[in-house]
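Residue numbers start at 1 and run along the sequence shown. Heavy atoms only: backbone and side chains are in, while hydrogens, waters and symmetry mates are out. These numbers were taken from a predicted model, which means no experiment stands behind them.
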Amino acid sequence: MAIFSRDYGIDLGTTSVIISARGKGVILKEPSVVAMDKVSGKLLKIGMAAQRMLGRTPGNIVAILPIREGVISDYDMTQRMLREMLEKVSGKSLVRPRVLISVPSGITEVEERAVIDAGIQAGARKVYLMEAPLAAAIGAGIDISDPEGHIVVDIGGGTTDVAVLSLSGVVESDSIKIGGDAFNDAIIRYIRRKHSVLIGENTAEELKLSIGCVYPKPETATVDVKGRCLMTGLPRMVTISTTEMLEAFEEVSERILETIHHILEITPPELVADISRNGIVLTGGGSTLWGFDKLIESRTSIKTHIADDASMCVAFGLAKSLEKLDDMREGTINISRRKQMK
């Protein structure tokens with residue numbers, strides 16, 4: 001009797017790792033965090049359990065974020081994290097699974113090879129790669145098989161991918177190392193500069209989710225934030241408003257707008273005409289920041305909407321693409337190299 005391995009899709013994100021299985025959809029979602037003992041090198045916790053340790057660990061325990069700006073920053077920790085997660089979803093299988101991993105569209109060949117090697121070391125039999133904006137478009141329900149232009153802006157935790165898609169492929173794309181984490185950093189810098197108070201990443205994330213906005217809100221809201229006063233070193237509370245959030249995010253959101261403008265400028269006119277009719281689709285967790293669709297629409301004059309369940313679009317797209325895994329090419333997919341070959 002033949003034994004078939006299960007195929008998995010892995011959205012290897014800066015903020016979280018989402019695993020989907022062929023025929024089952026999303027089966028695991030965990031933060032991209034690993035906790036290890038520095039003395040013994042032993043892996044202690046992964047995912048949510050490790051995330052709770054961020055900023056709270058004793059000297060011998062360190063919480064590591066092995067994925068930075070959409071690519072692997074700590075190879076060893078990434079493959080150990082993936083191994084733990086794959087074993088969690090597949091158990092001890094006799095046949096190793098095939099995996100389809102999403103990567104930023106601007107990834108280099110060296111970074112691609114690191115992802116593939118990490119997948120193999122984590123227990124995969126074969127590793128296939130797919131550009132994140134392509135997977136996001138499929139997950140958002142866009143029919144990209146027709147000769148019709150579509151544009152997807154995928155704002156993840158560490159990167160923003162902007163891609164024009166047609167005939168099931170990427171026509172033009174750009175990837176910048178700016179995403180949800182950059183907005184958190186912007187909050188920390190702003191409060192430090194404006195109020196002389198230092199806050200942590202978790203506090204910045206909570207502030208972003210509660211009153212963060214990139215477009216003026218109809219009504220101003222405020223939140224009290226606790227941090228450490230840089231003047232006295234003692235705890236201090238400050239009140240932050242949506243207007244201040246708008247100011248803090250201005251530089252980061254402007255970079256994303258510049259990337260969208262750049263892609264529209266280099267896209268063939270026929271596809272731009274399609275895009276003006278079909279609109280811009282926002283995916284990724286960062287796109288849910290209040291007012292992103294309104295900001296982009298006001299600056300491009302192209303109707304813009306946020307996909308349903310935006311943060312899961314890449315994972316959904318990978319899950320659907322697993323059905324066509326037999327038709328995909330194993331190994332690297334470097335976009336810049338392909339463009340040079342044309």
Side-chain angles (χ1 to χ4, degrees), residues 10-18 29-33 51 54 64-74 78 101-108 111 115 130-137 139-140 151-163 173-190 200-209 212-215 245-246 248-263 280-293 295-296 304 306-307 309-315 317-318 335:
I10 303 177
D11 178 7
L12 192 62
T14 304
T15 307
S16 59
V17 176
I18 307 173
K29 181 178 180 181
E30 291 276 6
S32 309
V33 188
Q51 188 181 48
L54 281 174
I64 300 169
L65 302 168
I67 313 292
R68 286 283 188 181
E69 298 174 335
V71 294
I72 294 173
S73 62
D74 189 319
T78 300
I101 303 177
S102 66
V103 292
S105 58
I107 194 171
T108 66
E111 290 166 344
V115 173
M130 176 178 271
E131 299 100 307
L134 190 62
I151 186 168
V152 171
V153 180
D154 182 49
I155 308 173
T159 59
T160 293
D161 284 282
V162 183
S173 68
D174 196 4
S175 179
I176 57 173
K177 297 185 183 302
I178 282 180
D181 289 349
F183 287 101
N184 291 349
D185 292 341
I187 292 173
I188 294 171
R189 287 197 306 270
Y190 179 85
E201 287 189 20
N202 288 341
T203 304
E205 175 74 14
E206 290 170 9
L207 192 56
K208 179 181 72 176
L209 295 176
C213 60
V214 293
Y215 194 79
M245 287 289 95
L246 199 60
F249 291 158
E250 185 177 3
E251 185 181 340
V252 181
S253 54
E254 198 63 36
R255 286 285 309 278
I256 294 173
L257 285 166
E258 286 172 5
T259 306
I260 296 170
H261 279 141
H262 169 66
I263 289 299
I280 298 172
V281 178
L282 301 182
T283 63
S287 68
T288 58
L289 190 56
W290 197 93
F292 241 128
D293 52 342
L295 176 67
I296 293 171
T304 305
I306 302 169
D309 216 344
S311 62
M312 300 293 286
C313 281
V314 172
L318 291 174
I335 297 172

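Annotation: side chain of Phe292 is not in contact with side chain of Tyr215 (no heavy-atom distance under 4.5 Å). Inter-residue side-chain proximity for Ile72 and Ile67 is flagged as met; some heavy-atom pair is nearer than 4.5 Å. Using a 4.5 Å heavy-atom threshold, the side chains of Ile296 and Ile260 count as touching.
Taking CD1 of Ile18 as the start and CD of Glu30 as the end, the distance is 11.0 Å to the nearest 0.5 Å. Once rounded to the nearest 0.5 Å, the distance linking CD1 of Ile178 with CD1 of Ile256 reads 6.5 Å. Annotation: the span from Thr288 atom OG1 to Leu209 atom CG amounts to 7.5 Å, rounded to 0.5 Å. One distance of note links CG of Leu207 with OG1 of Thr203; it measures 8.5 Å at 0.5 Å rounding. Separation of atoms CD1 (Ile263) and NE2 (His261) is listed at 12.0 Å; rounding is to 0.5 Å. How far CD1 of Ile176 is from OG1 of Thr259: 3.5 Å, rounded to the nearest 0.5 Å.
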Run Leu318 and Ile10 through side chain to side chain contact (heavy atoms under 4.5 Å, CB included) and show every step you take. CA-CA 7 Å; Leu318 291 174; Ile10 303 177; 5.6 Å; no
Decide yes or no on side chain to side chain contact (heavy atoms under 4.5 Å, CB included) for Glu111 and Val103, but give the supporting numbers first. CA-CA 9 Å; Glu111 290 166 344; Val103 292; over 6 Å; no
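Considering Ile151, Asp293, Val162, Ile306 in turn, Ile151 is the only one that fulfils the side-chain contact (heavy atoms from CB on, under 4.5 Å) rule with Ile280.
Between Ala186 and Phe249 the shortest heavy-atom distance is CB-CD2, 4.3 Å. Of all the heavy atoms in Val214 and Gly291, the pair that sits closest is CG2-C, 3.6 Å. Considering all non-hydrogen atoms of both residues, Gly179 and Ile155 come closest at CA-CG2, 4.3 Å. A pairwise comparison of heavy atoms in Thr283 and Ala140 identifies CG2-CB, 4.3 Å as the closest pair. Leu289 approaches Cys213 most closely through the heavy-atom pair CD1-N, 4.2 Å. For the pair Ala307 and Val281, the tightest heavy-atom approach, listed with the atom from each and the gap, is CB-CG1, 4.1 Å.
Annotation: side-chain hydrogen bond (donor to acceptor under 3.5 Å, both in side chains) contacts of Asp11 (sequence neighbours excluded): Ser102. A search for side-chain hydrogen bond (donor to acceptor under 3.5 Å, both in side chains) contacts involving Ser175 returns Asp161, not counting sequence neighbours. Every salt bridge (charged side-chain N to carboxylate O under 4.0 Å, His left out) that Lys208 has, sequence neighbours left out, goes to Glu205.
The local environment of CD in Glu250 is sparse, with at most 12 non-hydrogen atoms from other residues, nucleotides or ligands closer than 6.0 Å. Atom CD of Glu251 has 12 or fewer heavy atoms from other residues, nucleotides or ligands within 6.0 Å.
At least one donor-acceptor pair under 3.5 Å links the side chain of Ser32 to the backbone N or O of Ser16. Although no hydrogens or angles enter the test, the distance criterion places no donor-acceptor pair under 3.5 Å between the side chain of Thr14 and the main chain of Arg68.
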